[in-house]
Protein chains: 2
Amino acid sequence: MKKQGEDILKNSALSVTASRKRILDIFLAADNALAHQDIETKCADQYDRVTIYRTLQTFLEKGIIHNIPSTDNMVRYALCNEACITTGHHHDNHVHFRCDACGKTVCLDDVNIPAVNLPRGYTMKEINMVVNGICKSCK
Amino acid sequence: MKKQGEDILKNSALSVTASRKRILDIFLAADNALAHQDIETKCADQYDRVTIYRTLQTFLEKGIIHNIPSTDNMVRYALCNEACITTGHHHDNHVHFRCDACGKTVCLDDVNIPAVNLPRGYTMKEINMVVNGICKSCK
DNA sequence: ATTAAGAATGCAACTTTGTTGCAAAAGTAT
DNA sequence: ATACTTTTGCAACAAAGTTGCATTCTTAAT
């Protein structure tokens, strides 16, 4: 349905603006995680670079998207699943996969991060797991 | 012993230069992972910014250090353990921990990354795990 | 439907971060 | 000590990210 992006914004108590809808649409249409740069490439002609920075920041804070760590100074973002968006809390305990061939980073929603035992005195708040390798499309 | 850094360079077939020794010393003295910026702060007056970039790159390639992904666009580096350095291959299957209080990122050398089952068609080459929370010093 | 208040955007200027080519300097092996 | 190779510093850039402020758009209340 066409209103999906708009609904997400309303659920997060954000005002509905053209740039936010557009950026959400880009995420909804993407099959992989996107870096700031990817989004800029798709809509820098329509919206200012600064707006994109601020929009991503806002989406992060509202829990609409989550970010995926990387070793290449290119933090990537992906839509959170329904639960995250509706509750406003992150439940991102899935594994992320980066393909060395096509370069795409995807959420493996069905693969949960296994439990880890931290040494005494450490408290866990968040956990991130990124696997590199070859994805099923490139294999 | 004072020659430790020099030995590491020789083992990796790198020429021994003042800047490399200095940067290695910084790592050897550090109890946590360092970002490029941290190193620059410690020795930008002595060595050029470009040299630091290139040195870190070289150390990475030679397996002297490994990098730790992050969501803040600040890739951090830490010394590899003996095994990595001597074999030249990475065996970084330990978990990394980032403390939300002191901001330090450390290697939990004794905590191995648990196995994960990837969906059919995916091949794993590398795996990274970063846990956020409160470290034992801040607790 | 209009309007007032608040929020988001675009622009400009700037800071920081990372890259490249090349000449000078330092390290290595003979 | 010398010739050869590697590394460094410099300069010039390119790219990425930030901030303040005036303008425009949204929203909610009349």
Side-chain angles (χ1 to χ4, degrees), chain A residues 3 5-27 33-65 67-77 103 105, chain B residues 2-3 5-27 33-62 64-65 67-77 103 105:
Chain A
K3 294 195 63 185
E6 210 167 313
D7 289 342
I8 293 173
L9 291 172
K10 282 178 180 163
N11 284 340
S12 301
L14 290 175
S15 41
V16 178
T17 68
S19 57
R20 284 174 180 170
K21 276 192 289 185
R22 175 87 180 90
I23 293 176
L24 265 182
D25 281 346
I26 293 174
F27 276 112
L34 302 171
H36 169 92
Q37 203 187 30
D38 298 323
I39 296 173
E40 202 175 309
T41 308
K42 288 182 202 289
C43 65
D45 47 329
Q46 318 175 56
Y47 304 108
D48 196 78
R49 224 158 49 86
V50 178
T51 300
I52 300 174
Y53 278 110
R54 292 196 267 224
T55 301
L56 289 174
Q57 190 54 42
T58 305
F59 285 1
L60 258 188
E61 284 162 6
K62 292 291 183 176
I64 296 173
I65 56 177
N67 52 14
I68 303 165
S70 80
T71 50
D72 65 353
N73 281 320
M74 291 264 286
V75 177
R76 291 175 182 79
Y77 305 88
T105 300
Chain B
K2 194 67 190 69
K3 294 195 64 186
E6 210 167 313
D7 290 341
I8 292 174
L9 291 172
K10 283 178 182 162
N11 284 340
S12 301
L14 289 174
S15 41
V16 178
T17 69
S19 57
R20 284 175 179 167
K21 276 192 289 185
R22 176 87 181 90
I23 293 176
L24 265 183
D25 281 346
I26 293 175
F27 275 113
L34 303 170
H36 169 93
Q37 202 188 30
D38 298 322
I39 296 171
E40 202 175 311
T41 309
K42 288 181 201 291
C43 64
D45 47 329
Q46 318 175 57
Y47 304 109
D48 195 78
R49 223 157 49 85
V50 179
T51 300
I52 300 173
Y53 279 110
R54 292 197 268 224
T55 302
L56 290 174
Q57 190 54 41
T58 306
F59 285 0
L60 257 189
E61 284 161 7
K62 292 291 182 175
I64 296 173
I65 56 177
N67 52 14
I68 303 165
S70 79
T71 51
D72 64 353
N73 280 320
M74 291 264 286
V75 178
R76 290 176 183 79
Y77 306 87
T105 300

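Since we're looking at a predicted model, the values are computed, not measured. Hydrogens, waters and symmetry mates play no part in the numbers below; they use all other heavy atoms, side chains included. Order of the sequence lines fixes the chain letters, A, B, ..., with proteins taken first and strands second; residue numbering starts at 1 for each chain.
With rounding to the nearest 0.5 angstrom, the CG atom of A:Leu9 is 5.0 Å from the CG atom of A:Leu24. Note that CZ of A:Arg20 is 5.0 Å distant from CG of A:Leu14, once rounded to the nearest 0.5 Å. The CD1 atom of B:Ile65 sits 4.5 Å away from the CG atom of B:Leu60 when rounded to the nearest 0.5 Å. Atoms CD1 and OH, from A:Ile39 and A:Tyr77 in turn, are 8.0 Å apart once rounded to the nearest 0.5 Å. Between the CG atom in A:Leu34 and the CZ atom in A:Arg76 there is a gap of 9.5 Å [rounded to 0.5 Å].
Nucleic acid contact class of A:Gln46 (heavy atoms, under 4.0 Å, all strands): sugar-phosphate only. Nucleic acid contact for A:Ser19: sugar-phosphate only, since backbone atoms but no base atoms lie under 4.0 Å from a heavy atom of the residue.
Judged purely by atom type and a 3.5 angstrom limit, A:Asp38 uses its side chain to pair as donor or acceptor with the backbone of A:Ala35.
One can place OH of A:Tyr53 at 15 Å from P of C:dG10, the figure rounded to the nearest angstrom. The NZ atom of A:Lys21 sits 15 Å away from the P atom of C:dA8 (whole-angstrom rounding). Computed from coordinates, the A:Asp38 CG to D:dA16 C1' distance equals 14 Å when rounded to whole Å. In this structure, B:Glu61 atom CD and D:dT6 atom C1' are separated by 14 Å, rounded to whole Å. Taking atom CZ on A:Arg20 and atom C1' on D:dC25, their separation rounds to 11 Å, with Å as the unit. Taking atom CD of B:Glu40 as the reference point, atom C1' of C:dT15 lies 13 Å away to the nearest angstrom. The nearest whole Å value for the distance from the CG atom in B:Asp72 to the P atom in C:dT16 is 17 Å. Protein atom CZ of A:Arg76 is 15 Å distant from nucleotide atom C1' of D:dA16, rounded to whole Å.
Within the structure, every side-chain polar atom (N or O) of A:Asn73 is placed at least 4.0 Å from both OP1 and OP2 of C:dT17. Phosphate proximity of D:dA15 to A:Gln37: absent, as no side-chain N or O sits under 4.0 Å from OP1 or OP2.
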Which letters describe nucleotides 20-30 of chain C, given B = protein heavy atom under 4.0 Å from base, S = only from sugar-phosphate, - = neither?
BB-----SS--
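Taking every heavy atom of both residues into account, A:Met74 and B:Asn73 meet most closely at N-OD1, 4.0 Å.
Each of A:His36, A:Lys42, A:Gln37 was evaluated against A:Glu40; a single residue qualifies, A:His36, per the side-chain hydrogen bond (donor to acceptor under 3.5 Å, both in side chains) test.
Side-chain atoms of A:Arg49 and base atoms of C:dG10 include no donor and acceptor less than 3.5 Å apart.
The C1' atoms of five pairs define one axis at each end of the helix from C:dA1-D:dT30 to C:dT30-D:dA1, and these two axes lie 40° apart (to 10°).
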Let me have the donor-acceptor pairs involving side chains of residues 43-58 of chain A, under 3.5 Å, with sequence neighbours excluded, atom names and distances please.
unit_1	atom_1	unit_2	atom_2	d
A:Asp48	OD2	A:Val50	N	2.9
A:Thr55	OG1	A:Thr51	O	2.7
A:Gln57	NE2	A:Glu61	OE2	3.2
A:Thr58	OG1	A:Arg54	O	2.8

